[in-house]
Amino acid sequence: MASQDWFDKDFYKVLGVDKTASDAELKKTYRKLARQYHPDSNPGDAAAENRFKEISEAYSVLSDKEQRQEYDQVRAMGSGARFTAGGPGQGGGFEDVFGGMFGQGGGGQRVRFGQGGAGGAGGFEDILGGMFGGGGGFGQSTGGYRGFGGPTKGRDVTATTTLDFTTAIAGDTVKLAQGNGRPVNVRIPAGVADGQKIRLRGRGEPSPDGGEAGDLVVTVTVRKHPVFERDGQNLRLDVPVTFVEAALGATIEVPTLGGSTVKLKVAPGTPSGRVLRVKGRGVATKNGTGDLLATVQVAVPSHLTDKQREAVEALAEALPDENPREDLLTKARS
């Protein structure tokens, strides 16, 4: 910033503070205004961006002890004064006047009134770095006002894919069409769940200022299976057994997701709802492998012949006279 401008700009008024404001007051006021008018908080608002520039310029001068002293002395000469910088060898120029004020010699020597360097204590770059997530100089080529902390990352791209139940458990590579028409192969890990998101780093939109590309985020939908249901890393299924198998006990075959079968022992007197476990035949993921959980459902015949009915009635006569709902009724009344 040319020192000539200091005659016209009231930095204290820009920040809304008194001339005797302490460094702490300046910093507190600046942080509040910077949050309010920062371009990231006001996208597309040119007025807010200009206001942010004014605030930053004012704080860059007033937060530097030496520059603030020089600014106060310049302003003390009187608002509205004008000087024209003389050429080499010419007296009375703007630089000559300030050279005399601040102990500088004439003859073309110049007094620089610029923004504090990146290493200056209390600089506004450091404050903005803390507020918006990065350091670095104001207005650098690494993203302008949005460039604190480096170039801007490209936007993420979202996509969806639907898998059948078996494919989701085993894992697969699927091909998706991007917005630009080019296909992209996506590796679906084994054990992916319905609604799970898979992130592919750097496969999204490119950065607008040379930074890291965005990511491709794929949401997976898994179709239901007619037999199996997923429960975390376990697989569940209902297994029907006959009344005789449940009452007397039996060894039955149960299907697994891979198509093969395993044998399960049904203990005598097994009721509906009992869960039989097959270790290690569930969902295999990087966190381990679950189990196959078979829930017993006693199948009751819907049609009986007269002979079968007589046999069941004879069994009922032979069994103890018990009410299996007695405990249920007692608990309900309590």
Side-chain angles (χ1 to χ4, degrees), residues 40 43-44 132-134 142-143 146-240 252-264 273 275-297:
D40 282 355
F132 298 104
T142 57
R146 299 178 183 271
F148 293 102
T152 306
K153 181 181 177 181
R155 291 194 302 175
D156 291 345
V157 175
T158 60
T160 60
T161 186
T162 300
L163 306 175
D164 62 64
F165 192 88
T166 303
T167 300
I169 299 299
D172 197 5
T173 298
V174 299
K175 183 174 290 187
L176 302 177
Q178 299 186 95
N180 55 18
R182 291 184 300 179
V184 57
N185 290 326
V186 179
R187 175 62 186 167
I188 305 297
V192 66
D194 183 53
Q196 184 173 334
K197 297 181 186 297
I198 300 173
R199 182 178 294 270
L200 280 72
R201 299 287 181 186
R203 302 300 291 272
E205 292 189 5
S207 166
D209 51 10
E212 181 185 357
D215 303 331
L216 173 61
V217 182
V218 181
T219 301
V220 178
T221 299
V222 180
R223 297 188 185 96
K224 292 185 178 298
H225 195 278
V227 172
F228 299 97
E229 181 180 349
R230 184 167 177 176
D231 180 8
Q233 291 180 234
N234 297 324
L235 290 177
R236 289 186 175 275
L237 78 161
D238 291 336
V239 179
I252 62 174
E253 281 190 324
V254 176
T256 66
L257 186 62
S260 61
T261 61
V262 292
K263 291 185 177 182
L264 282 178
V275 176
L276 308 179
R277 183 183 298 267
V278 183
K279 287 283 189 179
R281 299 306 293 265
V283 182
T285 69
K286 62 180 181 180
N287 298 321
T289 302
D291 302 329
L292 179 65
L293 305 178
T295 302
V296 173
Q297 301 292 343

Minimum heavy-atom distance Lys197-Thr219, with the two atoms named
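The pair with the smallest heavy-atom distance is NZ-OG1, 3.1 Å.
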Heavy-atom pair with the smallest gap, counting every atom of Val239 and Ile252:
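That would be CG1-CD1, 3.6 Å.
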With respect to Val220, which candidate in Thr160, Asp194, Val186, Leu163 satisfies the side-chain contact (heavy atoms from CB on, under 4.5 Å) definition?
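One option only clears the test, and that one is Leu163.
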Have a look at Leu292 and tell me which of Lys279, Arg281, Arg236 forms a side-chain contact (heavy atoms from CB on, under 4.5 Å) with it.
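So, applying the side-chain contact (heavy atoms from CB on, under 4.5 Å) to Leu292 and each of Lys279, Arg281, Arg236, only Arg281 qualifies.
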Listed by chain and number, what are the side-chain contact (heavy atoms from CB on, under 4.5 Å) partners of [X], not counting sequence neighbours?
| X | value |
| --- | --- |
| Ala193 | Gln196, Arg230 |
| Thr289 | Ala284 |
| Lys263 | Thr251, Glu253 |

So does Glu229 have more than 12 non-hydrogen atoms from other groups sitting under 6.0 Å from CD?
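12 or below, so no.
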Contacts of Arg277 that satisfy salt bridge (Lys or Arg N to Asp or Glu O under 4.0 Å) - sequence neighbours left out
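Counting only residues at least two positions away or on another chain, Arg277 forms a salt bridge (Lys or Arg N to Asp or Glu O under 4.0 Å) with Asp291.
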Salt bridge flag under 4.0 Å for residues Lys153 and Asp215
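Asp215 and Lys153: salt-bridged.
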Taking only residues at least two apart or on different chains, which pairs with a member in residues 188-229 satisfy ring pair (Phe, Tyr, Trp, His ring centres under 6.0 Å)?
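As it turns out, the ring pair (Phe, Tyr, Trp, His ring centres under 6.0 Å) pairs with a partner in residues 188-229, which skip direct neighbours, are Phe165-His225, His225-Phe228.
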Acceptor/donor pairs from residues 169-176 side chains to any protein atom, 3.5 angstrom cut, sequence neighbours excluded:
none

Can Asn287 and Thr285 be counted as having a side-chain donor-acceptor contact under 3.5 angstrom?
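No, because no side-chain N or O of Asn287 sits under 3.5 Å from a partner of the opposite role on Thr285.
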